[in-house]
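A quick write-up on the structure given underneath.
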Amino acid sequence: MMVALDGTIVAIANPAIGKDLHASWAQLQWITNAYFLALAVSLITAGKLGDRFGHRQTFLIGVTGFAAASGAIGLSDTIGMVVTFRVFQGLFGALLMPAALGLLRATFPAEKLNMAIGIWGMVIGASTAGGPILGGVLVEHVNWQSVFFINVPVGALALILGVVMLLDHRAENAPRSFDIPGIVLLSGAMFCLVWALIKAPTWGWGDGKTWAFLGAAVLAFAVFAFWETRVKEPLIPLGLFRSVPLSAGVVLMVLMAIAFMGGLFFVTFYLQNVHGMSPINAGLHLLPLTGMMIVASPLAGAMITKVGPRIPLAGGMVATAVAMYGMSTLDTGTGSGVMSVWFALLGLGLAPVMVGATEVIVGNAPMELSGVAGGLQQAAMQIGGSLGTAVLGAVMASKVDNDLAGNWKDAGLPPLTAAQADQASQAVQQGIAPVPKGVPEAVAAKIATVAHDTFISGMSLASLVAAGVAAVAVLVALLTKRGVNAEAGAGVGHI
């Protein structure tokens, strides 16, 4: 809950942090980027640590470090300190996330594993979608520091319960050594990939720097794959990917995250800047999405146990595709009831995918690699989220750039200089009306109408692209099947 929550809760706190610590927009972006970079780069390595030293110890260290880093952020008085401790948050979060899945896999027998992962998916989904709600309440009624301080008592409780309740399961043939060159190559590849996705909206997709980092990522992945075939105990045995269901599960997780995180990114701007809602009110409008994930995730776990993952996963992605198509029809006059239908359908579609894809990935991996499989699942979700925000953001930016000048002219507004047009485009991409000071009310209303209509056209196109991604994911879901190694869970001795 802590790790998923901190992925989205901070966006609400950024304006208050910037005002209090006198931070620039670029520095505020680093609060989010530093966290996601550290998390994405280290997830698979952290999963390997759990496989080697035991998931219980790794989980407890991760929980303790995450809570301590959160407390340190709340006590920080410079933006540099906040960013530094966000990196530590990401590193410790990477320790506890795969370890949590490894513990579930080792603890529950095959017939109960899907329900356990369903409850886990419920918490992850609800925390991700609920971050803006809790963040809005805390920032509005307490302060931005409380967004981070809240993790301290939660972490302390998790540590106490973990020490008392968790058993130290160890696989008999757990890895005994570390593939240091593999760790360096994979970490470098992940860094270059995620960095390129983070910076592409700023640099531009045609910029040489963007393609240099993407090229470096491809090269590092290729060298990593070659090295893994030569080392005795590889970080990720490439034989894992001979399992078509496991590979399909990883791809499905990426596609699901593209549609979910990319779509959710625009919805917050739509609710707050187009409809003029407060952060709390915007969060409340997302309750159908959050609530449906809470209700549907355990039910999806039970259904997957009964009929296998293929039908629930394919059905979930169909629902997601329909929901994203529905969100492409939203406009400035759409009422809360219609929004709620599409948000609820999105939650209903995402729940079985979050649960089923996780079981397919972790359940099809050997027990001694459950941590690495958990790291793969989380890394796929992080990469998909970054890819969704970057690619759908580029679609939105392109559509706004193409439409804004024509819409502006058609409204009879005075022409803009190149610099003014660029600034106006950046504002409109967030649903903000670029109204200069001292403009007559009638002109301001025209500018707002043009800005919001142009934003809606960009969001609609991005939502249609997300719907297309979800439709492709339906075909990928048909390649999945129940984990062939799931029965190994709960049969492992504990220490």
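- Atom CG of L197 and atom CG of L37 lie 10.0 Å apart (nearest 0.5 Å).
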Using residues 336-355 as the side-chain source, report each donor-acceptor pair under 3.5 Å to any protein atom, sequence neighbours left out, with the distance given to one decimal.
residue : atom : partner : partner atom : Å
S336    : OG   : H285    : NE2          : 2.8
S340    : OG   : S336    : O            : 2.8

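- Within the 4.5 Å cutoff, the side chain of L95 has heavy atoms near those of the F92 side chain.
- Within the 4.5 Å cutoff, the side chain of R86 has heavy atoms near those of the F148 side chain.
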All N/O donor-acceptor pairs, side-chain side in residues 149-160, below 3.5 Å, sequence neighbours left out:
residue : atom : partner : partner atom : Å
N151    : ND2  : D6      : OD1          : 3.0
N151    : ND2  : D6      : OD2          : 3.4
N151    : ND2  : S70     : OG           : 3.1

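- Listed by chain and number, the residues in a side chain to side chain contact (heavy atoms under 4.5 Å, CB included) with V274 are Y270, T332, H452, F455 (sequence neighbours excluded).
- Distance NZ/K112 to CG/L104: 13.5 Å, rounded to 0.5 Å.
- Other residues, nucleotides and ligands place no more than 12 heavy atoms under 6.0 Å from the OH atom of Y325.
- Side-chain contact between R310 and L479: absent, with no pair of heavy atoms (C-beta onward) separated by less than 4.5 Å.
- Between I258 and V391 there is no side-chain heavy-atom pair separated by less than 4.5 Å.
- Note that CE of M381 and CG of L39 are 10.5 Å apart. Values are rounded to the nearest 0.5 Å.
- A distance-only check finds no donor-acceptor pair linking the side chain of T480 to the backbone of V476 [under 3.5 Å].
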Should I117 and F108 be marked as a side chain to side chain contact (heavy atoms under 4.5 Å, CB included) after you check the CA-CA gap, both sets of side-chain angles, and the distance that decides it?
-> CA-CA 10 Å; I117 292 178; F108 290 92; over 6 Å; no

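- Between the CD1 atom in I44 and the OG atom in S187 there is a gap of 9.0 Å [rounded to 0.5 Å].
- Taking F85 as the reference, nothing meets the ring pair (Phe, Tyr, Trp, His ring centres under 6.0 Å) condition, with sequence neighbours excluded.
- The shortest side-chain heavy-atom distance between T107 and L166 does not fall under the 4.5 Å cut-off.
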For R56 and V163, what are the C-alpha separation, side-chain angles and deciding distance, and is it a side chain to side chain contact (heavy atoms under 4.5 Å, CB included)?
-> CA-CA 9 Å; R56 178 179 184 270; V163 168; 4.2 Å; yes

With side chain to side chain contact (heavy atoms under 4.5 Å, CB included) as the test, would you mind laying out the steps for L271 and L286 before giving the verdict?
-> CA-CA 9 Å; L271 294 174; L286 287 172; 4.2 Å; yes

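- K199 is linked by a salt bridge (charged side-chain N to carboxylate O under 4.0 Å, His left out) to nothing, counting only residues two or more places apart in sequence or in another chain.
- For S457, the side-chain hydrogen bond (donor to acceptor under 3.5 Å, both in side chains) partners two or more places apart in sequence, or in a different chain, are D403.
- The shortest non-hydrogen separation linking L96 to V63 is CD2-N, 3.6 Å.
- Side-chain contact check for I456 versus S460: some heavy-atom pair is nearer than 4.5 Å.
- A distance-only check finds no donor-acceptor pair linking the side chain of K48 to the backbone of I183 [under 3.5 Å].
- For G54 against T58, the heavy-atom pair with the smallest separation is O-OG1, 2.9 Å.
- Here the shortest heavy-atom pairing between G90 and S42 reads O-OG, 4.4 Å.
- Contact of the W144 side chain with the L138 side chain is not registered, since no non-hydrogen atoms from C-beta on lie closer than 4.5 Å.
- In this structure, M327 CE and L464 CG are separated by 11.5 Å, a value rounded to the nearest 0.5 Å.
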